[in-house]
Amino acid sequence: MQYFPLFIDTVNLNVLLVGAGDVASRKLALLTRTEANIHVIAPEVNPEVQAFADKGRILLSQRSVVQADIQNYDLIYLATANDMLNAELATLATERGIWVNAVDNPAYCRFITPSIVDRGRLVVAISTAGAAPVFARTIRARLETSLPQSLKPLFDFVADKRLEVQQRLTKTATRRLFWERFFDTNGDRFDARTPEHYQNAFNNIVSRGEILLLDEATPVELLPLAAMPLLQRLDWIYSEVSLADNLAELVRRDANRAALPALSDISREYEQGSRMLLVADTQKIEQLKAHFPVAKHLRPGAI
């Protein structure tokens, strides 16, 4: 993974955009949706950039950029029509420890801007590491149609309720079950019934343990889609061997990991509501299936 995805807090972030043509204005249209302080330097300015300046959203310096400008910023975007100038300034920014993006020139980028699906507090970022931005836009178009606009007010509602849930439900595991129950009932809608679903989620919160069994020889890529959400809800991953990389990509990353425990310990964890994945060889899996009839055996094409 060459590019590691990060979400940056843009409050008090200082951003410099060099250039004010069509490419720069597209970057600016995205940047101005953040809370960053934005400075644009360009000798010629198109109407879209000028409009942001007229509204007071950006600081505009209508002049040529100089090397002395490349300092005291957190991020710099270089979007001039001069590739040599972009490369020169990008090299200087990197030398001065500033993260820089030279538009359409990945070799001079310390970071890249992904294609984004914006639903308020829910933001999905898609990147092809600069290799195929057209395809990233295609993926974005698919997500735009599958993620409803109602998610924006829904997550505003959830954010407003988080403190109340923390005060009413003191245990982390119980809060997790509460939110799972809320989203199972409410889905991705935000309507007149959402507050009702929220209140109902407090009723009869029962800890639901789960045991998943996986033969270590099973090709992970052949597991059914129905297994994916189960793997994302794990509390514990028990295995005598290191997880294969393709399996590690599918499981909940912050789940606890340990060697296979005694059967009595597994029973106790289950009774306490833990969700576990047990990875073992074929013989051990058969023993576990016999001992835990409630367990779900993850197999190609079936659960």
Side-chain angles (χ1 to χ4, degrees), residues 1-118 120-137 139-140 253-254:
M1 185 187 299
Q2 179 182 0
Y3 292 98
F4 186 78
L6 296 172
F7 285 87
I8 301 173
D9 185 351
T10 60
V11 175
N12 297 321
L13 191 75
N14 295 313
V15 179
L16 172 64
L17 173 60
V18 181
D22 292 340
V23 174
S25 64
R26 289 196 295 271
K27 293 293 182 186
L28 197 57
L30 183 61
L31 287 169
T32 52
R33 289 157 60 181
T34 73
E35 299 184 43
N37 304 314
I38 304 169
H39 183 193
V40 177
I41 300 177
E44 298 180 1
V45 179
N46 72 12
E48 290 83 0
V49 175
Q50 186 62 55
F52 285 119
D54 293 342
K55 295 175 184 177
R57 178 60 187 90
I58 65 171
L59 172 64
L60 176 60
S61 297
Q62 198 162 348
R63 59 173 174 78
S64 297
V65 66
V66 296
Q67 289 192 353
D69 292 318
I70 309 301
Q71 59 183 336
N72 301 324
Y73 291 99
D74 301 302
L75 300 177
I76 294 179
Y77 283 88
L78 301 172
T80 76
N82 187 330
D83 290 340
M84 290 185 62
L85 177 61
N86 289 342
E88 174 190 339
L89 296 178
T91 300
L92 181 60
T94 299
E95 291 173 352
R96 294 178 175 177
I98 305 172
W99 283 27
V100 62
N101 177 285
V103 176
D104 293 332
N105 196 338
Y108 288 95
C109 292
R110 188 70 178 86
F111 71 95
I112 57 177
T113 302
S115 186
I116 293 173
V117 179
D118 183 1
R121 296 175 188 272
L122 175 65
V123 177
V124 181
I126 310 108
S127 172
T128 59
V134 171
F135 186 73
R137 290 195 292 272
I139 297 298
R140 175 194 167 190
R253 286 191 170 87
D254 57 350

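Quick caveat, the model's predicted, so the values are computed rather than measured.
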Can you name the closest pair of heavy atoms from [X] and [Y] and give their distance?
X	Y	result
Q71	R96	CB-NH1, 4.4 Å
L78	N86	CD1-O, 3.2 Å
I112	A129	CD1-CA, 3.8 Å
Y73	I76	CB-CG1, 4.0 Å
G19	V40	O-CG1, 3.6 Å
A79	V103	CB-CG2, 3.8 Å

Partners meeting salt bridge (charged side-chain N to carboxylate O under 4.0 Å, His left out) with R33 (sequence neighbours left out):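 Counting only residues at least two positions away or on another chain, R33 forms a salt bridge (charged side-chain N to carboxylate O under 4.0 Å, His left out) with D118.
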Other residues, nucleotides and ligands only: do more than 12 of their heavy atoms fall within 6.0 Å of [atom1] on [X]?
X	atom1	value
Y108	OH	no
N105	CG	yes
E44	CD	no
N12	CG	no

Give, for atom [atom1] of [X] and atom [atom2] of [Y], the distance between the pair rounded to the nearest 0.5 Å.
X	Y	atom1	atom2	answer
I70	L16	CD1	CG	5.5 Å
N82	E88	CG	CD	9.0 Å
T113	L31	OG1	CG	7.0 Å
L13	I38	CG	CD1	9.0 Å
L6	W99	CG	CH2	5.5 Å
I41	T80	CD1	OG1	12.0 Å

Distance flag, aromatic centroids of F111 and Y77, threshold under 6.0 Å: yes
Validation row: [X], [Y] side chains within 4.5 angstrom (heavy atoms):
X	Y	value
D69	V66	yes
L85	V65	yes
V117	I126	yes

Contacts of A132 that satisfy side chain to side chain contact (heavy atoms under 4.5 Å, CB included) - sequence neighbours left out: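 Result, side chain to side chain contact (heavy atoms under 4.5 Å, CB included) vs A132: T128, F135.
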Tell me whether [X] contacts the main-chain N or O of [Y] through its side chain, where contact means a donor paired with an acceptor under 3.5 Å.
X	Y	result
N101	C109	no
R140	I116	yes
N37	N14	no

Partner residues of Q50 under the side chain to side chain donor-acceptor pair (under 3.5 Å) criterion, sequence neighbours left out: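 Side chain to side chain donor-acceptor pair (under 3.5 Å) list for Q50, sorted by chain: D54.
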V49/I58 under side-chain contact (heavy atoms from CB on, under 4.5 Å): CA gap, chis, key distance, verdict: CA-CA 9 Å; V49 175; I58 65 171; 4.0 Å; yes
